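Note sheet for the following structure.
This is a predicted model, so every value here is computed, not measured. Values reported hereafter were calculated over all heavy atoms of this structure, with side chains retained and with hydrogens, waters and symmetry mates removed. One-based numbering, in listed order, for ligands and for the atoms of each. Numbering of residues begins at 1 and proceeds along the displayed sequence.
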Amino acid sequence: MSLDRIQAARPETAIVLGSGLGRVAEALGVETEVPYTEVPGLTASTVPGHAGRLALTHVGGRAVLLAQGRRHMYEGLSAHEVTAGIRVMRSLGVKRVVLTNAAGAIHTGFGVGELMLITDHLNLLGASPLTGGPNFHDMSGVYSAAWRAGFLEKARALGITLHQGVYAATPGPQYETPAEIRMMRALGADAVGMSTVPEAIQARALGMEVAGISMLTNWAAGIQPQTLDHAEVVTVGQSASIHLAELLKAAL
Ligand code: HPA
């Protein structure tokens, strides 16, 4: 079965693809794939725009594991449950993971359709995947500075706009109110989304190197007069995926 093929390739790098970012996998070229339902420990996503499969690709001759689609706490899962994929990756020998997501832009210097490299996060989920232990894990450098420098250098060389900023994770499933976005901005958030933070915490606790990239699919609530729409978030994610794929190809 194809999980064996993925295992045999011994990928040390993984990429988690967020909402509507499945096109990144197409652009990277998928060699073999296996639905989450066939991977012990994983379960299928319930959200449109989230494929729910592990795939293998090669970047610069090196095997890279792709997780297409992720589980979210708004599906009714715990922070521990939504990070099962990270633990599976670790058990497959993965040492570093790029977490991608669709996010709302809070920083008004950013633009919709652009990318933001996550420098740090605000965990506003009220939950941690580490509840029950291990306790007191250091979180002062979650997003690898060395890896970030590499992404910035490649983005510059490719002429791709790559902002840097703080990602705030909110439980959802509803989008935020304008007042909540003002609060998040006051707290130091540059972008907002409903994922990534539990995975980043879990990956760090397992000793993995972490990078995070947000695709800014919309303005956060209240910044522009429009309302928020999931279908639009997915569409913008799809059309801007090509830049993300190019950047990943160059940086990995
Ligand atoms: N808020 C929360 N999550 C999101 C958003 C947003 O504006 N856009 C994409 N995911």
Show me which atoms of ligand 1 lie under 4.0 Å from any heavy atom of [X].
X    : value
A102 : 9 (C), 10 (N)
E176 : 1 (N), 2 (C), 6 (C), 7 (O)
T217 : 8 (N), 9 (C)
V192 : 1 (N), 2 (C), 3 (N), 4 (C), 5 (C), 6 (C)

Check: Side chains of S195 and R70: is there a donor and an acceptor less than 3.5 Å apart?
Finding: yes
Check: Under 3.5 Å, is there a donor-acceptor pair between the T83 and E199 side chains?
Finding: no
Next item on the list: Look at the aromatic rings of Y143 and H121 and report parallel, tilted or perpendicular, splitting at 30° and 60°.
Entry: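 Plane angle over 60°, so perpendicular.
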Check: Name the one of T217, T196, V197 that satisfies side-chain contact (heavy atoms from CB on, under 4.5 Å) with N101?
Finding: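 Single pass found, and it is T196.
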Next item on the list: Using the side-chain contact (heavy atoms from CB on, under 4.5 Å) rule, pick out the option among L65, L206, T13 that qualifies with M89.
Entry: L65
Item checked: From the candidates I223, L216, N218, I181, the one that places a heavy atom nearest atom 7 (O) of ligand 1 -> N218
Note to self: Could you report the tightest heavy-atom contact between L17 and T100, atom names first, then the distance?
What the structure shows: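 Looks like CA-OG1, 3.2 Å.
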Next item on the list: With heavy atoms only and a cut-off of under 4.0 Å, state how A103 meets ligand 1: side chain, backbone, both or neither.
Entry: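 Backbone only; the side chain of A103 stays clear of ligand 1.
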Check: To which protein heavy atom is atom 5 (C) of ligand 1 closest, and what is the distance rounded to 0.1 Å?
Finding: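 Its nearest protein heavy-atom neighbour is G104 N, 3.4 Å.
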Margin query: Looking only at protein heavy atoms, which one is nearest to atom 3 (N) of ligand 1, and what is the separation?
Written below: G193 CA, 3.4 Å
